[in-house]
Amino acid sequence: MEKTYKPGAIESAWYSHWESKGYFAPQGGDASYCIALPPPNVTGSLHMGHAFQQTLMDILIRFHRMNGSNTLWQGGTDHAGIATQMVVERQLEATGKSRESEGREKFIAAVWDWKNESGSTISRQSRRLGTSMDWQRERFTMDAGLYAAVQQVFIRLYQEGLIYRGKRLVNWDPVLHTAISDLEVVTEEEDGHLWHIRYPRMDGRGHVVIATTRPETLLGDAAVAVHPADTRYRDLIGDTVQLPLVDKAIPVIADEYVDPAFGTGCVKITPAHDFNDYAIGLRHDLPLINIFTADATINAQAPPPYRGLDRYAAREQIIADLKLAGLLERTAAHKLMVPRGDRSQAVIEPYLTDQWYVKIQPLAEPAIAAVKHGDIRFVPENWRKTYFDWMHNIQDWCISRQLWWGHRIPAWYDDAGNIYVGKDEQTLRAEHQLADEVKLRQDSDVLDTWFSSALWPFATLGWPEETRELDLFYPTSVLVTGFDIIFFWVARMIMFGLKFTGNVPFREVYITGLVRDAAGQKMSKSKGNILDPIDLIDGIELDSLVAKQTAGLMQPQFAPTIEKATRKAFPRGIAAFGTDALRFTFAQLATQGRDIRFDVGRIQGYRNFCNKLWNATRFILLQIESTPLASDGDLPEGEPGPAERWIMTHLAQALTATTSALASYRFDLASQALYEFTWDEYCDWYLELAKITLSAPDTSPAREQAILLTLLHSLEILLRALHPFIPFITEELWQKLIPLAGITADTIMLQPYPAADEIPQDKAAVAEITWLKSFISGVRRIRAERDIAPGKRLAVHYQGGSREERGWLENNIACIKALARVSTISRTMQIPEAAVAAHAGDMTVLIPLAELIDPPAELTRLKRQMQPLALAKRRILSKLDNSNFISKAPAAVIARERTKLDETEKSIRHLEAQIEGMKKLMYNTGL
RNA sequence: GGGUGCUUAGCUCAGUUGGGAGAGCGCCGCCCUUACAAGGCGGAAGUCGGGGGUUCGAGCCCCUCAGCACCCACCA
């Protein structure tokens, strides 16, 4: 075996072995366990968020597979309408072409080409993470099966009146030329202005002043509104004012919507370009005056001077014209919320169009009930509230998009404007007995990507067919995803799942935190702080990393800043930590529902952990090589000592902790329990103890056998326990180990997950070894604090101790001598001069250090030790003297306080004796 | 404007029905002890954001204030 763990050498080989043997497919079993992967964008690449979530899913999947469940991890990718279309459009632009110049058919073909070319990237990266998805069942949200499901869902909802077509204001993206849903709009505060504009009264009695942040929309004003109770303007209501620059009379209306305290208390009403004004327009029967084209330039409805101007150019012009006309009263700086499209970053325009909507209320109600009644459980539970809040205020969902890449809406129109919804034109013609001369044309829009994603859990299992997989795996067990898509995706899956399968799509929703960089910043290309999970696995040179972070920036002027930051954060690039270390890091960082900061120092620590495990295995293999087992295959029992029984007890406890932590999605606690066992107990103590006993000349062959078997057996169990977290190294080491244990198996991943109750526990052994550890640590501490050379063997005395402890001392004398570097241990009745004491239970360990210590320094040290003891004593006494405490606290707590007091007082007496001894020594030596 | 979460060691974070403040990293000292220097042994370090309350007892429960983060929302 290599001395140092090298992840690159083992990982890829094991993965292709597992995949080629078909181990990722469901293997049968009584219970079913299934996770549907949140499908990543097909043309995307794996980022830290994916890697994090997929690691957690894979831990669950491997754990349940080993536990004997029939386990399916359903994977696949999403067609990601807008995102993918934008990428391909950009590629076309680079060659001087455009979507329009190519035409719909050719463009879609180009998108498919790009999908086929780049679509395997993310699956390939996913494999590097060791994910045990059933690749044979990989799906795509635009494949034929999904298409059938989408059509069926659309048609049924339409027939039930739950999908309708409506003309109303939508969020219009003037760059992408499509409607988007409320969720795809991100509003952020930006600096702007509040312009105060005079609207002259038609009767010539002065003017009213309105305040607006969007003066250009005055071209579409239909009224001015005031609050009905506003005494300042009461006489104005019902009057008319002149709309500046348009030269048209518009009415002054009264509406409760107006806040008299804001601005001037007069509001211009533009029903076609503002959601509030739209509602007011409906209430007051105002005309809708659309003044924009799809590009948000001024259209022919507006006065000639402004036609063809971009909305912001029009704003400048209008302000200039108002100023000229003396109608601009003043301009104030103003912060306002600006809506932008989450993909294009373009300022969204409320725009009047025909769109398709899902009537959501009837779907939302059962979806609310399902979570309320616990049919679906959120982990952590507080996300329920977020879900409820949104579901209770949910608006109809605009599902049509004016894009080309996506599921085409299954609706056709005839020239008379009739709508026909169905599978295809032929079916519709037959259904509606349409004559051949009736021309039908299909709706040119596609569906919101989330429409098909909402069907993912059941459509990937075969719905609308009644498949065996649906029967076996639906509802799926758990959905693992981020809070950012609870509304986009989780809620819609629940609604559609309930509607079309009559059942919830998943039993539990585990919401993960968001992966941020070490400084807590969101990772983004423009910040240049992206970490590529593959770089953490394979490592990357600093120069390559810098090149990667600064390539293809939208704002290239930031490249030098990013380069500097990158060089500072990673002065030596990134080392190759391997997949297992990355996975273990993710598990450790997966604390309940908060953002996680990814620090490279952390992954290095877990790479070291893998190395530790590697070397522990190497040690055990070397031991068994030098002292072969009595007989292969037929394993004799041997005579286990307390150390063997102790370590197995600890192993059982670690397994219990891990398993119960996994049941509540506490990946941090689960991995921590195994980490601590492996390093702090197994390697630091058990391997050391075993080493000594094995090399001692008087160790019986039966004990020797027991130790070797314990080493073998415990490591074998430990590797299985760690496998879901760190699959590669555990497989590699397990394969090296099992021939010695007489096991033949092709893979660890299909072995049973170890159960704590199969391991005998022994409290007496735990007491003995715990005592032994305190004895050894006590001597070590004295040695280290007094700067005694590590090689120097000490003569040690002891005093007191129970009969049991004296027995333990006798049993473990060899281990104490070796691990504490002690030459002799003898009982003494009186405290030797210049002795320093430690305590192991009731036993006092004394080390005479006459020639080694500096008495005054020792005295100071001893006095310093007294302070916390005195403090502790006072604190305990104040409790025990409190009659309320004695009468109200539980007996067990009182007993514990009394024990504590006894111990503290004993320590104080010991210390006092030492102080006296030291003083005497100093007196005798004339100090 | 409404809501959620957070504030514990220098840093990142655990702390599960209220009962002796923890881990990793970092730091300090000693050590290449035959599995591992990607290591071993030992150590220092916190008035648990401030204030108040409930309780025999509060990091944990209640109130309040402050700061940070995020989500939702139609104030021109």
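Chain naming here is simple, since letters A, B, ... match the order of the sequence lines and numbering starts at 1 in each. Because only heavy atoms are used, hydrogens play no part in the values below, and waters and symmetry mates are left out as well, while side chains stay in. This one's a predicted model, so the numbers in the text were calculated from it and none came from an experiment.
- The interatomic distance linking A:R666 (CZ) with B:U16 (P) rounds to 9 Å, in whole Å.
- With both ends at atom P, the span from B:G43 to B:A23 equals 11 Å, rounded to whole Å.
- For A:R214 and A:E349, the salt-bridge test passes: some basic side-chain N is under 4.0 Å from an acidic carboxylate O.
- Across the protein-nucleic acid pair, A:I620 atom CD1 and B:C36 atom P stand 14 Å apart, rounded to whole Å.
- If you take CZ of A:F488 and P of B:C71, they are 11 Å apart, rounded to a whole angstrom.
- A salt bridge does not link A:E785 to A:R781: none of the charged nitrogens lies less than 4.0 Å from a carboxylate oxygen.
- With both ends at atom P, the span from B:C48 to B:U33 equals 44 Å, rounded to whole Å.
- The stretch residues 209-226 of chain A touches RNA chain B through A:A211, A:T212, A:T213, each having a heavy atom under 4.0 angstrom from the strand.
- Contact check on A:R377 versus A:E381 returns no salt bridge, with no Lys/Arg side-chain nitrogen under 4.0 Å from an Asp/Glu carboxylate oxygen.
- Looking only at atom types and distance, the side chain of A:Y675 has no donor-acceptor partner in the side chain of A:D680 under 3.5 Å away.
- Other residues, nucleotides and ligands contribute only 12 or fewer heavy atoms inside 6.0 Å of the CD atom of A:E188.
- Evaluation of the salt bridge (Lys or Arg N to Asp or Glu O under 4.0 Å) rule for A:R597 yields no partner, not counting sequence neighbours.
- For RNA chain B, the stems formed by at least three consecutive Watson-Crick or G-U pairs, with both atom-pair distances below 3.5 Å, span B:1-7 with B:66-72, B:10-13 with B:22-25, B:27-31 with B:39-43, B:49-53 with B:61-65.
- Distance A:L694 CG to B:U34 P: 17 Å, rounded to the nearest Å.
- At a threshold of 4.0 angstrom between heavy atoms, the contacts of A:M337 include nucleobase atoms, whether or not backbone atoms are also involved.
- Residue A:Y278 is out of contact with every strand shown, counting any heavy-atom pair closer than 4.0 Å.
- Summarising the geometry, the separation between CD on A:E625 and P on B:A35 is reported as 13 Å, rounded to the nearest angstrom.
- Annotation: side chain of A:F598 is in contact with side chain of A:F586 (closest heavy-atom distance under 4.5 Å).
- Formation of a donor-acceptor pair under 3.5 Å by the A:T693 side chain with backbone atoms of A:A690 is not found in this model.
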Test A:K268 against A:T270 for side-chain hydrogen bond (donor to acceptor under 3.5 Å, both in side chains), laying out the working first. CA-CA 7 Å; A:K268 64 192 270 312; A:T270 322; 3.0 Å; yes
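- Spacing between B:G24 and B:U8 at atom C1', rounded to whole Å, works out to 15 Å.
- Within 4.0 Å (heavy atoms only), A:C683 reaches at least one base atom of the nucleic acid.
- Taking only distance into account, the side chain of A:K3 never meets the base of B:C36 through a donor-acceptor pair shorter than 3.5 Å.
- Annotation: proximity of residues 668-681 of chain A to RNA chain B (heavy atom, distance under 4.0 Å) is found for A:L669, A:Q672, A:W679, numbered in ascending order.
- Side-chain proximity of A:R597 to B:A73, B:A76, B:C13: nearest is B:C13.
- Remark: A:N608 is in phosphate contact with B:G39, judged by side-chain N or O atoms under 4.0 Å from OP1 or OP2.
- Checked for salt-bridge contact, A:K900 and A:E905 miss the test: no charged N lies under 4.0 Å from a carboxylate O.
- Other residues, nucleotides and ligands contribute more than 12 heavy atoms inside 6.0 Å of the NZ atom of A:K906.
- Of the candidates B:A35, B:C75, B:C41, the closest approach to any side-chain atom of A:D684 belongs to B:C41.
- With respect to A:R311 and A:E216, no salt bridge is recorded, no charged nitrogen being found less than 4.0 Å from a carboxylate O.
- When the P atom is used for both B:G53 and B:G59, the distance is 15 Å, rounded to whole Å.
- Between the P atoms of B:U47 and B:C11, the separation comes to 13 Å (whole Å).
- Across the C1' atoms, B:G22 and B:C74 are found 49 Å apart, a figure rounded to whole Å.
- Between B:G51 and B:G39, the two C1' atoms lie 49 Å apart (nearest whole Å).
- The residues A:K773 and A:E681 are annotated as salt-bridged, a charged nitrogen and a carboxylate oxygen being separated by less than 4.0 angstrom.
- Remark: the separation of the P atoms in B:G50 and B:A9 is 11 Å, to the nearest Å.
- Which of B:A35, B:A76, B:G24 sits closest to the side chain of A:Y606 comes down to B:G24.
- Listed nucleotides: B:G42, B:G29, B:G40. Nearest to the side chain of A:E785: B:G42.
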Are any protein N/O atoms closer than 3.5 Å to N/O atoms in nucleotides 17-21 of chain B? If there are, list each pair with its distance.
from	atom 1	to	atom 2	distance (Å)
B:G19	O2'	A:R896	NH2	2.6

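- Figure legend: A:K691 and A:F619 shown as a cation-pi pair, the cationic atom lying under 6.0 angstrom from the six-membered ring centre and within 45 degrees of its axis.
- B:C25 atom C1' lies 14 Å from atom CD1 of A:I603, rounded to whole Å.
- Residues that satisfy the salt bridge (Lys or Arg N to Asp or Glu O under 4.0 Å) test with A:R198, not counting sequence neighbours, are A:E329.
- Considering only heavy atoms from C-beta on, A:D484 comes within 4.5 Å of A:L514 through its side chain.
- When distances are taken from the side chain of A:K385 to each of B:G3, B:A76, B:G39, the shortest belongs to B:G3.
- Going from atom CG of A:L589 over to atom P of B:G24 covers 15 Å, rounded to whole Å.
- Here the nucleotide nearest the side chain of A:D787, chosen from B:A35, B:C74, B:G29, is B:G29.
- Going from atom CG of A:N393 over to atom C1' of B:U4 covers 15 Å, rounded to whole Å.
- Closest to the A:S777 side chain, of the nucleotides B:G42, B:U4, B:A35, is B:G42.
- Distance from the side chain of A:F483 is smallest to B:C70 among B:C75, B:A35, B:C70.
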